[in-house]
Amino acid sequence: MSIGVFDISSLELIFAGALLLAFAYEVYFYIHYMRIRGCFATRNGTAGIETCETRLPVSVIVCARNEGDNLRNYIQSLLTQDYPLFEVIIVNDGSEDDTQAIIDDYMLTDSRVRTTFVPRGARVRSTKKLGLTLAAKAARYDYMLLTDADCRPESKHWISAVMAGFEKPETEVVLGFGAYFVKPTLLNDVIQYETLFNGLHYLGAAATGKPYMGVGRNLVYRKQMFFEHGGFSDQMTSYAGDDDLFVNKVATNTNTVPVCTPESVTWSVPKMSWKEWWQQKRRHLSVSPAYKSATKHHLVHEPIMRGLFYGMVIALFVLGEPLSMCLAWALLVARLIVQLVILNRSARKLGQPAIGLELMWYDIFQPLVTLAAMAGKKRNKW
């Protein structure tokens, strides 16, 4: 086949068609799922903390296992929240350091601090899930806001920001963004990109009526709903999944709301070694087989189309025909521009660090590492 002075083979047409298909899907994915449509606390993107007058009483729940230093550093940021009625329940998950002594000190000085505990050596696979269940039973209020001992809210308006998502009576789950502190290392750069990508994806999916997960660093749900769905009773055989598996089970297009304002963000201590990060990643991925079938199908589409896109770019480069190479270069650059514009705009609205041209490296690195982690998770011993 000839176009002007160019001879185009059937193989080139197939590769070019596949490349255009993958490019179209990738542009759709970023526009549809990764773009924060203003600061929204409801699915239609019109409500936010500025207009919401919701002031529902909240039980903030923190699980702590040997977290003495983190409790010293971060619990005060919870107690200084500008919110009229809340309590902080700290679960001592079998700690062997001075965690309980620090909890006791806080309880002496602030009546809003309460505690429960998981005994050392408790014969359950996931003591954190047991601890969260005990905290839910002890909670005075129907709304439970989960975070971690190493988390610091963005501001004193954090509780107000996430609770803005409950302006509609049918809302039972609110998803927030959990960021990591920025460090000047390559590992931290990887963590920042992965956290932003995954966070925008689950928030964007919820905004379009397809919620599939949340993170326990920044998650709210109703106590009544927790017990109506049996809590973690069907998840106690796995260590992880106290956040994403539970949300995957209970979240619907009507009861789940994402909150995407800077005030709603929490910041956590990141892993400082590649080994710790790898172990964390494998632990998180270990629960993915338990996701709903619809979620699995949703999550696999983008990595497949991303792989097809890069595969076809390489194939057209290998063929070496001028027209094919021009098309590959043009779509490669166009996709990169779409990514940079959308990701950086969304990152800015969440108060996250910007991403530069290193995005291409992360874009290729992330799915390969995920595949490697999933391939090895069956051999992992937690």
Side-chain angles (χ1 to χ4, degrees), residues 26-52 77 82 147 151-165 174-208 210-211 213-215 217-220 257-270 302 306 332-366:
E26 287 288 282
V27 171
Y28 163 80
F29 174 84
Y30 275 87
I31 292 175
H32 194 61
Y33 292 115
M34 310 298 281
R35 181 171 60 92
I36 292 181
R37 302 159 183 84
C39 292
F40 62 87
T42 58
R43 283 183 53 199
N44 62 17
T46 60
I49 182 176
E50 297 85 358
T51 60
C52 182
S77 65
D82 185 12
T147 190
C151 281
R152 187 197 71 196
E154 170 63 26
S155 76
K156 65 179 182 179
H157 302 297
W158 169 60
I159 297 181
S160 296
V162 293
M163 292 304 293
V174 168
L175 310 177
F177 183 78
Y180 286 101
F181 293 121
V182 178
K183 306 289 183 180
T185 65
L186 176 60
L187 172 60
N188 191 260
D189 290 343
V190 172
I191 291 172
Q192 295 298 332
Y193 168 74
E194 188 173 53
T195 302
L196 179 66
F197 183 91
N198 292 336
L200 292 178
H201 191 186
Y202 74 73
L203 292 171
T208 58
K210 297 179 181 179
M213 69 162 283
V215 293
R217 306 187 300 277
N218 201 355
L219 172 65
V220 198
V257 165
V259 177
C260 301
T261 59
E263 295 87 356
S264 68
V265 173
T266 60
W267 294 86
S268 301
V269 177
E302 195 280 329
R306 192 191 313 189
L332 186 65
V333 172
R335 179 177 177 273
L336 179 61
I337 292 173
V338 169
Q339 289 177 293
L340 286 172
V341 170
I342 291 178
L343 288 179
N344 281 319
R345 283 184 176 178
S346 297
R348 186 164 58 250
K349 290 176 180 178
L350 287 170
Q352 301 303 298
I355 298 174
L357 292 177
E358 68 275 9
L359 169 64
M360 285 192 67
W361 183 82
Y362 300 143
D363 197 45
I364 298 171
F365 176 77
Q366 182 198 35

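By convention here, the first residue in the shown sequence is residue 1.
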Requested in this report: Heavy atoms only: give me the nearest V265-A179 pair and the separation to one decimal.
Outcome: CG1-CB, 3.9 Å
Query raised in the report: Where do E263 and W158 land on the side-chain hydrogen bond (donor to acceptor under 3.5 Å, both in side chains) test, with the steps shown first?
Result: CA-CA 5 Å; E263 295 87 356; W158 169 60; over 6 Å; no
Report task. For L350 and L200, run side-chain contact (heavy atoms from CB on, under 4.5 Å): C-alpha distance rounded to whole Å, both residues' side-chain angles, the deciding distance at 0.1 Å, then the answer. Result -> CA-CA 10 Å; L350 287 170; L200 292 178; 3.8 Å; yes
**Report entry** Candidate pair K210 and Y33, rule side-chain contact (heavy atoms from CB on, under 4.5 Å), full reasoning
**Finding:** CA-CA 10 Å; K210 297 179 181 179; Y33 292 115; 3.6 Å; yes
Report task. Just say parallel, tilted or perpendicular for the rings of W361 and F365, cut-offs at 30° and 60°. Result -> parallel
Report summary line: dist S268:OG -> I191:CD1 (nearest 0.5 Å) comes out at 11.0 Å
Requested in this report: List the steps and the verdict of side-chain contact (heavy atoms from CB on, under 4.5 Å) for L219 and V174.
Outcome: CA-CA 6 Å; L219 172 65; V174 168; over 6 Å; no
Query - Minimum heavy-atom distance C260-I36, with the two atoms named - result: CB-CD1, 4.0 Å
Report summary line: On a heavy-atom basis, the closest approach of L196 and A347 is CD2-CB, 3.9 Å
Requested in this report: Please identify each residue that fulfils salt bridge (Lys or Arg N to Asp or Glu O under 4.0 Å) with E194, with sequence neighbours left out.
Outcome: K281
Query raised in the report: Is there a side-chain contact between Q192 and F181 (heavy atoms, below 4.5 Å)?
Result: no
Report task. Could you check whether the rings of F197 and H201 sit parallel, tilted or perpendicular, using 30° and 60° as the cut-offs? Result -> perpendicular
Report task. Kindly indicate whether the side chain of F177, heavy atoms from C-beta on, has any atom under 4.5 Å from the side chain of T195. Result -> yes
Requested in this report: Could you tell me whether a side-chain N or O of N344 sits under 3.5 Å from a main-chain N or O of I355, the two making a donor and an acceptor?
Outcome: yes
Query raised in the report: Can you find a pair of side-chain heavy atoms, one from L343 and one from L359, that are under 4.5 Å apart?
Result: yes
Query raised in the report: Do N188 and V182 come within less than 4.5 Å of each other through their side chains, counting heavy atoms only?
Result: yes
Query - Flag side-chain contact, heavy atom, 4.5 Å: R217 against W267 - result: no
Query raised in the report: Is there a donor-acceptor pair under 3.5 Å between the side chain of S346 and the backbone N or O of M34?
Result: yes
Query - Non-hydrogen side-chain atoms of T261 and K349 separated by less than 4.5 Å - result: no
Requested in this report: Kindly indicate, with the supporting measurements, whether the criterion side-chain contact (heavy atoms from CB on, under 4.5 Å) is fulfilled by L357 and M360.
Outcome: CA-CA 6 Å; L357 292 177; M360 285 192 67; over 6 Å; no
Query raised in the report: Would a distance-only check, ignoring hydrogens and angles, find a side-chain to backbone donor-acceptor pair under 3.5 Å from T208 to A205?
Result: yes
Report task. Give the minimum heavy-atom separation between S77 and C151, together with the two atoms involved. Result -> OG-O, 4.3 Å
Requested in this report: Return the set of residues passing side-chain hydrogen bond (donor to acceptor under 3.5 Å, both in side chains) with D363 (not counting sequence neighbours), or none when no residue passes.
Outcome: R306, Y310, R335, Q339
Report summary line: Value for CG (L175) from OG (S264), rounded to nearest 0.5 Å, stands at 10.5 Å
Query raised in the report: Is the shortest heavy-atom distance from the side chain of Q366 to the side chain of N198 under 4.5 Å?
Result: yes
